[in-house]
J.: 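The following block contains the structure, expressed as structure tokens.
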2 protein chains.
Amino acid sequence: MPTKTAATRREEAREAYDAFLAACPTRKLLDRISDKWVSLVLVALADGPRRYNDIARAIAGVSQKMLTQTLRSLERDGLVVRTVTPAVPVRVDYDLTPLGRTLLPVMRSIKVWAEAHIEEVESARAEYDSQQG
Amino acid sequence: MPTKTAATRREEAREAYDAFLAACPTRKLLDRISDKWVSLVLVALADGPRRYNDIARAIAGVSQKMLTQTLRSLERDGLVVRTVTPAVPVRVDYDLTPLGRTLLPVMRSIKVWAEAHIEEVESARAEYDSQQG
DNA sequence: CAGAATCCTTCCAGATACTG
DNA sequence: CAGTATCTGGAAGGATTCTG
């Protein structure tokens, strides 16, 4: 076989790029907030602390597994605090940290664009689809 | 079987919530830009039109399949224009539309937050992991 | 050059059932 | 109340091959 195939070189490039992406702050944040439930939890906590089942009810579509998983990851990242009050039954509150709270304006800017332009996107999509099925 | 089980009610809630999510502009936009390659393509086209293989080289880690798929979806949504110049071989240029260009400030605000705060997230994560493996 | 078509694997979301 | 543990189907993404 030839010395250093194109495939090999491509693979090296891909690995290097993966490393670059792994180090890119913007990508990290996008990965974080783009999760289906993260943004919803963030918004659910915008007005103050809430208990587990309260959040679950606010985000009616989420499964227990996904909600717990989302809250855990947000806690791990310092965006949410989990407060356990020992009692019977146990009481657990979740709240945004100051850091987590700084994320809200970003979410808002996303919301502003979306509300201003998403209809253009939709109609572009409709036109595209109508032109060739 | 009992009339209207909890499972049934939960399923109805989930469906209603799915509908809500499907109609939410913010979610739509997040779904759109959170795609791994979308943001990279957007940035790659920020400075002007580029040819297919040029983009592919700029985003070294992307497969042909994913790049084509991403460009198609962006074109469908009216965020990118595809221009074919008949020649041998064919020449295809991609460019942001004015609509697509309005997305760049949003991307920038995401970038700003990320560069300002992502290190706090990382250290919070490291501390969390060190406290209990 | 700019893709289309195919196969193939891996990962994740959701459902379900159980617990301190 | 606030979770944990386990299983599984489906879809996303990559590698490969072929083409106008």
Side-chain angles (χ1 to χ4, degrees), chain A residues 1 5-15 17-18 21 31 34-38 40-41 44 49-76 80-95 132, chain B residues 5-15 17-18 21 27 31-32 34-38 40-41 44-45 49-76 80-95 132:
Chain A
M1 49 181 91
T5 63
T8 305
R9 227 171 302 124
R10 207 180 316 127
E11 189 187 350
E12 286 176 1
R14 193 187 52 73
E15 281 170 17
Y17 205 76
D18 281 354
L21 285 184
D31 281 346
S34 70
D35 180 278
K36 181 175 181 182
W37 303 115
V38 163
L40 296 166
V41 168
R50 280 187 157 191
R51 300 178 61 172
Y52 182 87
N53 276 343
D54 189 16
I55 302 172
R57 252 174 277 116
I59 311 176
V62 73
S63 65
Q64 291 169 339
K65 177 185 171 183
M66 282 299 100
L67 180 55
T68 300
Q69 186 174 304
T70 302
L71 287 167
R72 283 286 180 285
S73 69
L74 288 174
E75 187 196 2
R76 184 167 106 105
V80 157
V81 254
R82 178 170 179 269
T83 310
V84 182
T85 307
V88 182
V90 190
R91 175 197 177 112
V92 181
D93 288 271
Y94 292 91
D95 195 6
Q132 72 250 30
Chain B
T5 64
T8 305
R9 228 171 304 124
R10 208 181 315 128
E11 189 186 350
E12 287 175 0
R14 192 186 53 72
E15 281 170 18
Y17 205 76
D18 282 355
L21 285 184
R27 262 254 57 78
D31 281 347
R32 203 77 216 60
S34 70
D35 180 276
K36 181 174 180 181
W37 304 115
V38 163
L40 296 165
V41 168
L45 293 178
R50 280 187 156 190
R51 302 179 60 172
Y52 182 88
N53 275 343
D54 189 15
I55 302 172
R57 253 173 275 116
I59 310 176
V62 74
S63 66
Q64 292 169 338
K65 177 184 173 183
M66 281 300 100
L67 181 55
T68 299
Q69 186 174 304
T70 302
L71 287 167
R72 282 287 180 286
S73 69
L74 288 174
E75 187 196 2
R76 184 168 107 104
V80 157
V81 253
R82 177 169 179 270
T83 310
V84 181
T85 306
V88 183
V90 191
R91 175 195 177 114
V92 181
D93 287 89
Y94 291 91
D95 196 5
Q132 72 251 33

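All values derive from a computational prediction rather than experimental measurement. Numbers restart at 1 for each chain; the letters A, B, ... are given by sequence-line order, proteins then strands.
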J.: I'd like to know if the side chain of Tyr94(A) pairs up with that of Thr83(A) as donor and acceptor (distance under 3.5 Å, no hydrogens or angles considered).
T.: no

J.: Locate the shortest heavy-atom distance separating Arg51(B) from Val90(B); write the atom from each residue and the value.
T.: NH2-O, 4.1 Å

J.: Using whole Å, report how far CG of Asp31(A) lies from P of dC12(C).
T.: 12 Å

J.: Quick check for you: to the nearest 0.5 Å, what is the distance between Leu71(B) atom CG and Leu45(B) atom CG?
T.: 7.0 Å

J.: Expressed in angstrom and rounded to an integer, what is the separation of Met66(A) atom CE from dT16(C) atom C1'?
T.: 14 Å

J.: Nearest whole angstrom, please: distance from the C1' of dC1(D) to the CZ of Arg50(A).
T.: 17 Å

J.: In this structure, how many angstroms lie between the C1' atom of dG14(D) and the CG atom of Leu67(B), rounded?
T.: 14 Å

J.: Quick one: closest heavy-atom pair of Leu67(A) and Ile55(A), and the distance?
T.: CD1-CG2, 3.9 Å

J.: Output yes when at least one side-chain N/O atom of Trp37(A) is less than 4.0 Å from OP1 or OP2 of dC12(C), else no.
T.: no

J.: Rounded to whole Å, how long is the line connecting atom CD1 of Ile55(B) with atom C1' of dA2(C)?
T.: 11 Å

J.: Which atom pair, heavy atoms only, marks the closest approach of Arg32(B) to Leu74(B)?
T.: NH2-N, 3.8 Å

J.: Is the backbone of Asp95(A) close enough, under 3.5 Å, to the side chain of Arg82(A) for a donor and an acceptor to pair up by distance?
T.: no

J.: Taking the side chain from Ser73(A) and the backbone from Thr70(A), do they hold a donor-acceptor pair closer than 3.5 Å?
T.: yes

J.: Please round to 10 degrees the angle between the axis of the first five pairs and the axis of the last five pairs in the helix from dC1(C)-dG20(D) to dG20(C)-dC1(D).
T.: 50°

J.: Could you pull out the protein-nucleic contacts involving nucleotides 2-7 of chain D (nitrogen or oxygen on both sides, under 3.5 Å)?
T.:
residue: dA2(D); atom: OP1; partner: Arg51(A); partner atom: NE; Å: 3.2
residue: dA2(D); atom: OP1; partner: Arg51(A); partner atom: NH2; Å: 3.3
residue: dA2(D); atom: OP1; partner: Val92(A); partner atom: N; Å: 3.4
residue: dA2(D); atom: OP2; partner: Asn53(A); partner atom: N; Å: 3.1
residue: dA2(D); atom: OP2; partner: Asn53(A); partner atom: ND2; Å: 3.4
residue: dG3(D); atom: OP1; partner: Arg72(A); partner atom: NH2; Å: 3.3
residue: dG3(D); atom: OP1; partner: Arg82(A); partner atom: NE; Å: 3.3
residue: dG3(D); atom: OP1; partner: Arg82(A); partner atom: NH2; Å: 2.7
residue: dG3(D); atom: OP2; partner: Tyr94(A); partner atom: OH; Å: 2.7
residue: dT4(D); atom: OP1; partner: Arg72(A); partner atom: NH2; Å: 3.4

J.: On a heavy-atom basis, which atom in Arg50(B) and which in Ala44(B) lie closest, and how many Å separate them?
T.: CD-O, 3.5 Å

J.: Would you mind reading off the distance between Leu21(B) atom CG and dA13(C) atom C1', rounded to a whole angstrom?
T.: 15 Å

